[in-house]
Participant: 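Just passing along the structure, written as C-alpha cells.
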Number of protein chains: 2
Amino acid sequence: MTNETMNIREMCDTFGVTPRTLRFYETKELLFPIREGQKRLFTRRDRARLKLILRGKRFGFSLEDIRQLLDLYHMNDGQEAQLSRSYELAKSHLADMEAQKAELEDAIAEMKEQMAWGENRLAELARKKGAAA
Amino acid sequence: MTNETMNIREMCDTFGVTPRTLRFYETKELLFPIREGQKRLFTRRDRARLKLILRGKRFGFSLEDIRQLLDLYHMNDGQEAQLSRSYELAKSHLADMEAQKAELEDAIAEMKEQMAWGENRLAELARKKGAAA
DNA sequence: AGCAAAGCTGACGTTAACGTAAACGTAACG
DNA sequence: CGTTACGTTTACGTTAACGTCAGCTTTGCT
C-alpha cells in the first residue's frame with residue numbers, strides 16, 4: 001500500500017517542490033503535516049491537498065484563494081454557514097474556470113491561425129532560398 | 001470609424017487598466033505609443049497588442065513570455081531566423097495551453113463533483129432543520 | 001565518541017508587476 | 001491670470017511566493 005506518511009524529502013521528490021515550499025505552505029495553513037519529534041510527516045491528506053494546490057497555481061489562483069477552496073474538499077463536519085460559504089466560493093471559481101476555458105479555446109484557435117501564417121511565410125522563404133541556389 | 005489613436009485615459013477606460021500599467025508596459029517594450037509632444041498616443045496596433053497581453057496574463061504567462069510571443073503576431077518583415085524562433089516559441093506555448101486546457105477540464109469536472117457533494121450535505125442539513133421546527 | 005547528512009527555525013534577500021507620491025509641464029476655462 | 005485637470009518623469013514602496021543563509025538538533029554510521 002501507498003505509505004501512510006512521507007517525510008519532507010519524499011514529498012519534494014514526488015511533487016517537484018523544495019522543502020522551503022512545503023514549510024511555507026504549512027505556515028500559510030495549506031498543509032498540516034504531523035510531527036514526529038521535530039520532523040514533519042506528511043499524510044495522505046497532505047498529499048491530496050498539495051496536488052490540488054499545485055493544480056490551482058497552474059490556473060493562476062492565489063494561495064489564499066486555494067486555501068479557502070481546500071475547505072470545500074476537506075470539510076467533513078463543517079457547520080452549515082461555513083459549508084455554504086465554501087460552496088458559494090467554489091461556484092464563483094467554477095465560473096472563473098469555465099470562462100477561462102472558453103477564452104483558452106479562443107486563444108488556441110488564434111494561435112493556430114498565426115502559426116499557420118508563420119508556416120506559410122517560412123515555406124515561402126524556403127522556396128526563395130531554394131530558387132537562389 | 002474606430003479612432004485612429006487613443007490617449008492614455010481612453011485606453012485605461014477601454015481596457016480597465018491604470019496609466020501606470022500602460023507606462024510600465026511601454027518601458028518593458030510591450031507597447032509603442034507614439035508621442036504628440038510629451039503625450040502618448042496609442043495606435044490600433046497598441047490596442048491589439050494590449051488585448052493579447054491581458055489575455056496572456058490571464059493564462060499565467062509572464063510579461064516577458066508575452067513580449068516574445070507578440071513578435072509572432074506582429075512580424076511583418078521578420079528575418080527567417082527570427083520568424084522561425086518565434087514559431088518554435090509559439091509551438092511550445094500552444095502545447096502549454098492545450099495541456100492547460102486538458103487539466104482545466106479535469107479540474108472543472110472534479111470541482112463539479114465536490115459541489116454536488118456539498119449540495120447534498122446542505123440539503124441534508126436543511127432537512128434536519130426543517131424536521132426540528 | 002566523532003562526524004556528516006537531513007531537518008528545523010528564524011531572518012533577510014529576491015523577482016515580477018505594478019502602486020503611490022513628489023515635482024513639474026501645459027492646456028483649457030472662467 | 002490663476003487654478004483645475006490631465007499628463008509626464010523619477011523614484012521609492014508593496015505584495016506574493018518563495019530563495020538563501022546561518023546556526024542549532026537529531027539521526028545514522030563507523
Side-chain angles (χ1 to χ4, degrees), chain A residues 3-43 46-47 49-71 89 93 96 100, chain B residues 3-43 46-47 49-71 89 93 96 100:
Chain A
N3 266 338
E4 189 53 33
T5 70
M6 286 171 82
N7 67 23
I8 203 167
R9 185 101 304 275
E10 294 168 335
M11 283 293 278
C12 293
D13 294 348
T14 306
F15 292 97
V17 298
T18 70
R20 177 65 173 98
T21 299
L22 295 177
R23 295 186 195 115
F24 178 70
Y25 288 172
E26 187 182 358
T27 73
K28 293 286 170 173
E29 307 190 54
L30 289 161
L31 298 178
F32 306 96
I34 56 181
R35 297 302 179 106
E36 181 184 63
Q38 270 212 327
K39 305 194 169 165
R40 292 167 173 81
L41 289 181
F42 296 85
T43 67
D46 291 314
R47 295 195 290 271
R49 292 175 73 96
L50 182 52
K51 203 171 146 192
L52 291 170
I53 292 166
L54 297 177
R55 163 180 285 176
K57 288 200 55 185
R58 260 169 270 136
F59 301 146
F61 294 135
S62 76
L63 292 181
E64 177 54 22
D65 284 348
I66 294 170
R67 194 184 63 72
Q68 304 201 40
L69 280 177
L70 284 173
D71 290 351
L89 218 147
H93 277 275
D96 279 9
Q100 204 175 338
Chain B
N3 266 336
E4 190 52 33
T5 69
M6 289 170 82
N7 67 22
I8 204 167
R9 185 100 306 274
E10 294 167 335
M11 283 293 278
C12 292
D13 294 349
T14 306
F15 292 98
V17 298
T18 71
R20 177 67 174 96
T21 299
L22 295 177
R23 295 186 195 115
F24 179 69
Y25 288 172
E26 187 183 358
T27 73
K28 293 286 169 174
E29 306 190 56
L30 289 160
L31 298 177
F32 306 95
I34 56 181
R35 297 301 180 107
E36 180 184 62
Q38 269 213 326
K39 305 192 170 167
R40 291 167 173 82
L41 290 182
F42 297 85
T43 67
D46 290 315
R47 295 194 291 271
R49 292 175 71 96
L50 182 52
K51 203 172 146 192
L52 291 170
I53 292 167
L54 297 177
R55 163 180 284 176
K57 288 201 56 185
R58 260 168 270 136
F59 301 146
F61 293 136
S62 76
L63 292 182
E64 177 54 22
D65 284 348
I66 294 171
R67 194 183 62 73
Q68 304 201 39
L69 279 177
L70 284 173
D71 290 351
L89 218 147
H93 277 275
D96 278 11
Q100 204 175 336

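Naming convention: chains lettered A, B, ... in sequence-line order (proteins, then strands); numbering from 1 in each chain.
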Participant: Look at A:R40 and C:dG7 and indicate whether a side-chain polar atom (N or O) is within less than 4.0 Å of OP1 or OP2.
Facilitator: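 Checking C:dG7 against A:R40, no side-chain N or O comes under 4.0 Å of OP1 or OP2.
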Participant: Kindly point out which of D:dT9, D:dT27, D:dA17 is positioned nearest to the side chain of A:L63?
Facilitator: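 So the side chain of A:L63 is nearest to D:dA17.
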Participant: In whole angstroms, how far is the C1' atom of D:dT15 from the CZ atom of B:F24?
Facilitator: 14 Å
Participant: Side chain of B:S62 only, heavy atoms from C-beta on: which candidate in C:dA17, D:dT8, C:dG7 is closest?
Facilitator: C:dA17
Participant: B:E36 has an atom CD; how far is it from atom C1' of C:dT26, in whole Å?
Facilitator: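 Whole-Å distance recorded here is 12 Å.
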Participant: Counting any heavy atom closer than 4.0 Å, what does A:K57 reach on the DNA or RNA strands: base, sugar-phosphate only, or nothing?
Facilitator: sugar-phosphate
Participant: Would you say a side-chain N or O of A:T18 is under 4.0 Å from OP1 or OP2 of D:dC18?
Facilitator: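 So the side chain of A:T18 is outside the cut-off, no N or O lying under 4.0 Å from OP1 or OP2 of D:dC18.
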Participant: Would you please confirm or rule out a distance under 4.0 Å between OP1 or OP2 of C:dT9 and any side-chain N or O of A:R35?
Facilitator: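 For C:dT9, OP1/OP2 do have a side-chain N/O of A:R35 under 4.0 Å.
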Participant: Using whole Å, what does the distance between atom P of nucleotide D:dT9 and atom CD of B:Q38 come to?
Facilitator: 6 Å
Participant: Determine: side-chain N/O of B:N7 to OP1/OP2 of D:dC6, distance under 4.0 Å, yes or no.
Facilitator: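 No, outside the criterion.
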Participant: I need the CE-C1' distance between B:M11 and D:dG7, as an integer number of Å.
Facilitator: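 Distance check: B:M11 CE to D:dG7 C1' gives 15 Å.
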Participant: Quickly work out the A:E10 CD to C:dA6 P distance and round it to whole Å.
Facilitator: 13 Å
Participant: Atom CZ of B:F61 and atom C1' of C:dA17: how far apart are they, to the nearest Å?
Facilitator: 17 Å
Participant: Verify the contact: side-chain N or O of A:Y25 to OP1 or OP2 of D:dC18, cut-off strictly under 4.0 Å; return yes or no.
Facilitator: yes
Participant: Say whether, by atom type as modelled, one donor and one acceptor occur between the side chain of A:R49 and the main chain of A:L30 under 3.5 angstrom.
Facilitator: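 Checking the backbone N and O of A:L30 against the side chain of A:R49, a donor-acceptor pair under 3.5 Å is found.
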Participant: Can you tell me the distance, in whole Å, between the CZ atom of A:F42 and the C1' atom of C:dA6?
Facilitator: 14 Å
Participant: Relative to the 5' end of DNA chain C, which residue comes earlier, B:T21 or A:R20, by the nucleotide with the nearest heavy atom?
Facilitator: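 That would be A:R20.
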Participant: Are any of the side-chain heavy atoms of A:E10 and A:F42 separated by less than 4.5 Å?
Facilitator: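 A side-chain contact is absent here, since even the closest heavy-atom pair is not under 4.5 Å.
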Participant: What is the distance, to the nearest angstrom, from the CD1 atom on A:I8 to the C1' atom on D:dC18?
Facilitator: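 Interatomic distance, CD1 of A:I8 to C1' of D:dC18: 14 Å.
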Participant: Any carboxylate oxygen within less than 4.0 angstrom of a Lys/Arg side-chain nitrogen, looking at A:E26 and A:R23?
Facilitator: no
